[in-house]
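All values reported here derive from a predicted model rather than from experimental measurement. The chains referred to below are lettered A, B, ... by the order of the sequence lines, with proteins before strands, and numbering in each begins at 1. These numbers come from the heavy atoms of this one structure, side chains and all, not from hydrogens, waters or symmetry mates.
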Number of protein chains: 2
Amino acid sequence: MGTTQLETVPEPKYWHLKTVLSDALDSEFAVGEILPNERDLAARFGVARATLRQALEQLELEGRLQRRRGVGTTVAPPRVGVAVDPVSHTWPGAAGDDWQPVDAIESATVPAAVAGLLATAPGDPVHIVRRSRVTHGRPVAAELLYVLAEAVPGCPPAASLGAPARARAVLQELQTLELEGQDRTVELGSARAEDAKQLDRLPGAPVLVVTTRYVSGGRTTAVAVSTYRADTCRLTFGESDAAALLAS
Amino acid sequence: MGTTQLETVPEPKYWHLKTVLSDALDSEFAVGEILPNERDLAARFGVARATLRQALEQLELEGRLQRRRGVGTTVAPPRVGVAVDPVSHTWPGAAGDDWQPVDAIESATVPAAVAGLLATAPGDPVHIVRRSRVTHGRPVAAELLYVLAEAVPGCPPAASLGAPARARAVLQELQTLELEGQDRTVELGSARAEDAKQLDRLPGAPVLVVTTRYVSGGRTTAVAVSTYRADTCRLTFGESDAAALLAS
DNA sequence: TAGTGGTCTAGACCACACA
DNA sequence: GTGTGGTCTAGACCACTAT
């Protein structure tokens, strides 16, 4: 037959919906504005609520929307750029980083992946420091920092100090070591219940997991696992602070 | 009443399911193995298929599973580490990078975000080169590289060459410029239909979007937007190649 | 053709925020 | 309370892959 190749591609409804909504967000809504509720929106577009939600989920994943139970769906501000290495080649806790120590954890289990990086055997003593990062008044990241106990012999292993004080002690002790190198990986993850609470999100929310390896004395002495909110954050890596500014 | 704080937290079914499945994957399944189909799994756990799917989606997001329509759900291999900056401070297309030019696009629209970085006005001529990155025989990333036309005056603007040839010409011309600086951002996105095809995924699949800005002659002359499969990739940033090896 | 995952529906109930 | 988003169900049909 002489028919040309028609659009035989049945675009899924939620995909088309997402496009429509995305355009509407650009042209008809201001940041912070509240959208109609899901039941109304679904009715307006003539789809089931589940289908509408599939579109909203995509938009939230892309940082365009923010949904809060009991409140509603609002138009999200542009993602905030967070510098991942503001001061190059320094230990965590160095002057000028905008992380805040929260506490230290006793006798928690070290994840297998981290144990591999640290080359520790099960049972080897490791300090675990919890830190939190706040930008523009919003929590953007939660971190667990694993430090080989033998690398910071000045730190009391037992509960001779309160948890927050011990966290600070470990960070201080780190600064005295020579940092020989570091490298990083970034991957997608989902927030554990713990992190989710710290980040003011629901468990399972998408996060960017940054794993940093710190090398000193010829071996990996510390590993930081930092969990950034993927919906609100854009990680910046740059040779200058220009990167962070530019991304905001 | 003297009751202690009981676990009043009703963990969602899909969340619990995810944990159970995750443990099962660790202990009872080998990489590449095919899981029972969704209807059987749902029946086995006594939940609706949609609920089971919610758990599978999370596991796929975390890179534990791979699902293919018409085939089934298989256990995914560990994420592959891909070095984002194998050779520091070089233009794209330099010897040794494992990107392959695909073609060049004529008269396509430059996204607003990219136009902002390049500081171009609408209508300013920009070369767009499409590239593709393959690791271990699998496509891991698709890229659109935007190059200010005025920065590479030796490249023919019109269709005097075939698209692939023009792509190579632009990359070659870039190498002759002095690269004064570069910086990067990483954020979560969802695959556009185009990228999805190149990455062998469905549209909307989660991707890590790496935006690289190249500075030369005092201004941003090129911007690369690289789209990595979030399910299979772990991006590595390091001072040495050790990072890539370590992450694999 | 048979079997898989992907999409979609029309409900229901729950957890949470706010007035 | 009232209204919001979050979870869950039990179906149906579609698009794709392999045989």
Quiz item: Which of residues 57-71 of chain B sit near DNA chain D, with a heavy atom under 4.0 Å from it?
Solution: B:Arg69, B:Gly70, B:Val71

Quiz item: Would you say B:Glu33's side chain and B:Ala30's backbone share a donor-acceptor pair under 3.5 angstrom?
Solution: yes

Quiz item: Can you find a side chain N or O atom of A:Arg53 that sits less than 4.0 Å from OP1 or OP2 on D:dG5?
Solution: no

Quiz prompt | Phosphate-side-chain proximity, A:Tyr14 and C:dC8, N/O vs OP1/OP2 below 4.0 Å | solution = no

Quiz item: Counting N and O atoms only, with roles assigned by atom type, does the side chain of A:Asp195 sit under 3.5 Å from a partner on the main chain of A:Ala191, one being a donor and the other an acceptor?
Solution: no

Quiz item: D:dT4 C1' sits how many Å from A:Leu41 CG, rounded?
Solution: 12 Å

Quiz item: Watson-Crick or G-U wobble partner for C:dA19, using a 3.5 Å limit on both distances?
Solution: none

Practice problem: In plain terms, say whether B:Glu60 and B:Arg64 are close enough for a salt bridge, that is, a side-chain N and a carboxylate O under 4.0 Å apart. | Solution: no

Self-check item: Option from B:Arg67, B:Gln66, B:Arg201 for which side-chain hydrogen bond (donor to acceptor under 3.5 Å, both in side chains) with B:Asp231 holds
Solution: B:Arg201

Practice problem: Measure the distance from CG on B:Leu56 to C1' on C:dG6 and round it to the nearest whole Å. | Solution: 13 Å

Quiz item: For D:dT7, does OP1 or OP2 lie under 4.0 Å from any side-chain N or O of B:Thr51?
Solution: no

Quiz item: Does A:Arg133 reach the main-chain N or O of A:Val82 with its side chain, forming a donor-acceptor pair under 3.5 Å?
Solution: no

Quiz item: Can you check the B:Leu52 CG to C:dT4 P distance for me, whole Å?
Solution: 13 Å

Quiz item: Nearest of C:dG5, C:dC8, D:dG5 to any side-chain atom of A:Pro12?
Solution: C:dC8

Quiz item: Could you give the NE2-to-P distance, from B:His16 to D:dC8, as a whole number of Å?
Solution: 12 Å

Quiz item: CH2 of A:Trp15 versus P of C:dC8: gap in Å, rounded?
Solution: 12 Å

Practice problem: Give me the one residue out of A:Val186, A:Asp183, A:Val210 that meets side chain to side chain contact (heavy atoms under 4.5 Å, CB included) with B:Phe237. | Solution: A:Val186

Quiz item: Within the pair B:Thr73 and C:dT4, is there a side-chain N or O less than 4.0 Å away from OP1 or OP2?
Solution: no

Practice problem: Write down the distance between CD1 (B:Ile34) and P (C:dG3), rounded to a whole number of angstrom. | Solution: 15 Å

Practice problem: Would you kindly give the CZ-to-P distance between A:Arg201 and C:dC16, to the nearest whole Å? | Solution: 15 Å

Exercise. Specify the residue among B:Val47 and A:Arg49 whose closest nucleotide of DNA chain D lies further upstream toward the 5′ end.
Key: A:Arg49

Quiz item: Of B:Arg39 and B:Ala50, whose nearest nucleotide on DNA chain C comes first from the 5' end?
Solution: B:Arg39

Exercise. Without swapping roles, check the side chain of A:Arg229 against the backbone of A:Leu199 for a donor-acceptor pair under 3.5 Å.
Key: yes

Quiz item: For D:dG3, does OP1 or OP2 lie under 4.0 Å from any side-chain N or O of A:Asn37?
Solution: no

Self-check item: Between P of C:dC8 and NZ of A:Lys18, the distance in whole Å
Solution: 14 Å

